[in-house]
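All figures in this text were calculated on a predicted structure; none of them were measured in a lab.
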Amino acid sequence: MNKTDRNHEKIVTNITGLRSVELWQRGSVEIAQTDWIAEEVPVALVYNGISHVVMMASPKDLELFAIGFSLSEGIIETPADIFGIDVAPVCNGMEVQIELSSRRFMGLKERRRSLAGRTGCGICGVEQLNDVGRPIPPLPFTQTFDLNFLDAALGQMRQYQPVGELSGCTHVALWLNEQGEIMAGKEDIGRHVALDKMLGARARQNWHRGAALVSSRASYEMVQKSAQCGVEILFAVSAATTLAVEVARRCNLTLVGFSRPGRATVYTHPGRLV
């Protein structure tokens, strides 16, 4: 290994969420190679000592995940409802201990549901079908966004995916200000978790004006999580589903799919876009 390779190895091993593996490629199965893959671990969110949900996620930015998930699921109203967060490795995964205010914990206990989150599934473990589409107050119309700013943000998405850049295995969620500048970008193996992490960063910094951009499709739960946190504009790189469009229309969220350089498909409430 030369000096350049050693420097690269040192930089890569400082990235949380990556693991080195031995593998073989088609056409050269006789020769083993070393490459990087993304870590996938169970992450338990424990509120006031009671386990609420286990999600499969990347083991990074877990405090932000706890804040964003708590907000997007309606468990808390503001980050101030959380008095403390502790992250610790347990068994084969991670545990996030969250101390809630008494009022919010009582509310959580009243509507407790047992979830077992999995990559790519947003409703695993929901006890009743009625829980899938919980009511969300309609959003106000306070935000606008110039679509000319979108291309630059799309071109910078990969810079916020250090694990994905090396493994090809993550989604990313970005928060853009009104000028299209990227204020925060969070990645994860799961698109919902990446969004929750970004929403946690947004809430911690108290950012309100701007739009969200995700590297995935726009499924209903991506719309629901965004709207629950007051996001008025959601851009998705891929398509939207029928339920996502229905929820976006109902809660006054501007939903845009197929967000690519020079292209955008607006599904709902186009009046916010310039």
Side-chain angles (χ1 to χ4, degrees), residues 6 8-23 34-73 75-76 79-101 104-105 108-109 112-122 124-126 160-173 184-205 215-216 221 225:
R6 285 196 299 270
H8 177 70
E9 179 85 9
K10 184 177 180 181
I11 293 171
V12 169
T13 53
N14 286 334
I15 299 175
T16 302
L18 277 173
R19 183 173 298 178
S20 175
V21 295
E22 191 177 66
L23 48 76
T34 300
D35 206 345
W36 300 97
I37 60 173
E39 287 190 87
E40 180 180 27
V41 302
V43 177
L45 298 185
V46 181
Y47 292 92
N48 291 23
I50 299 177
S51 181
H52 177 67
V53 61
V54 177
M55 305 291 288
M56 303 306 298
S58 303
K60 58 186 294 189
D61 297 318
L62 294 183
E63 284 196 19
L64 295 178
F65 173 43
I67 296 171
F69 178 89
S70 300
L71 286 166
S72 68
E73 291 294 314
I75 296 170
I76 63 174
D81 290 325
I82 295 178
F83 294 160
I85 300 175
D86 291 314
V87 179
V90 292
C91 301
N92 295 318
M94 305 292 291
E95 187 172 270
V96 185
Q97 292 279 352
I98 305 158
E99 184 183 356
L100 286 182
S101 68
R104 300 312 301 180
F105 184 57
L108 175 62
K109 288 200 296 183
R112 271 263 300 153
R113 56 182 187 165
S114 230
L115 296 175
R118 298 175 185 169
T119 305
C121 180
C124 297
V126 174
Y160 295 86
Q161 292 175 272
V163 173
E165 186 71 15
L166 292 164
S167 67
C169 194
T170 65
H171 286 290
V172 66
K186 300 299 173 184
E187 69 173 334
D188 198 273
I189 56 168
R191 64 187 189 276
H192 316 104
V193 181
L195 179 60
D196 278 333
K197 289 177 178 180
M198 184 277 287
L199 292 171
R202 172 180 176 266
R204 178 173 277 181
Q205 297 297 326
S215 63
S216 64
E221 64 272 44
K225 282 177 175 290

Would you list the atom pairs, donor with acceptor, under 3.5 Å between side chains in residues 56-68 and any protein atom, with sequence neighbours excluded?
{"unit_1": "Ser58", "atom_1": "OG", "unit_2": "Ile189", "atom_2": "N", "d": "3.1"}
{"unit_1": "Lys60", "atom_1": "NZ", "unit_2": "Glu187", "atom_2": "OE2", "d": "2.9"}
{"unit_1": "Glu63", "atom_1": "OE1", "unit_2": "Arg204", "atom_2": "NH2", "d": "3.3"}

From [X] [atom1] over to [Y] [atom2], what is the distance, rounded to the nearest 0.5 angstrom?
| X | Y | atom1 | atom2 | answer |
| --- | --- | --- | --- | --- |
| Ile37 | Leu23 | CD1 | CG | 8.5 Å |
| Leu45 | Ile85 | CG | CD1 | 9.5 Å |
| Leu108 | Ser101 | CG | OG | 10.5 Å |

Tell me every residue that passes side chain to side chain donor-acceptor pair (under 3.5 Å) with [X], counting only those two or more places apart in sequence or in another chain.
| X | value |
| --- | --- |
| Glu39 | Arg19 |
| Lys225 | Ser72, Glu73, Asp196 |
| Glu99 | none |

side-chain contact (heavy atoms from CB on, under 4.5 Å) between Ile15 and Trp36: does it pass, once the steps are laid out?
-> CA-CA 11 Å; Ile15 299 175; Trp36 300 97; over 6 Å; no
Could you pull out the closest heavy-atom pair between [X] and [Y], with the gap in Å?
| X | Y | result |
| --- | --- | --- |
| Gly17 | Val163 | O-CG1, 3.7 Å |
| Thr34 | Ser20 | CG2-OG, 3.0 Å |
| Leu166 | Asp35 | O-OD1, 4.2 Å |
| Gly185 | Tyr160 | CA-CD2, 3.8 Å |
| Phe69 | Tyr47 | CD2-OH, 3.6 Å |
| Ala173 | Ala194 | CB-O, 3.6 Å |

Can you name the one residue among Val46, Val54, Val43, Val87 that meets side chain to side chain contact (heavy atoms under 4.5 Å, CB included) with Glu95?
->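 Exactly one option meets the side chain to side chain contact (heavy atoms under 4.5 Å, CB included) with Glu95, and it is Val46.
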Leu100 backbone acceptor or donor facing Asn48 side chain under 3.5 Å =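 Yes: the side chain of Asn48 pairs with the backbone of Leu100.
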Verify, without hydrogens or angle tests, whether Arg191 (side chain) and Ser215 (backbone) share a donor-acceptor contact under 3.5 angstrom.
->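 A pair under 3.5 Å: no.
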Verify side-chain contact (heavy atoms from CB on, under 4.5 Å) between Ile75 and His52, making sure each step is shown before the conclusion.
-> CA-CA 11 Å; Ile75 296 170; His52 177 67; 4.0 Å; yes
Mind jotting down which residue pairs meet the salt bridge (Lys or Arg N to Asp or Glu O under 4.0 Å) criterion with at least one end in residues 41-55? Sequence neighbours excluded, please.
->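 Every candidate salt bridge (Lys or Arg N to Asp or Glu O under 4.0 Å) pair involving residues 41-55 fails, so no pair, neighbours aside, qualifies.
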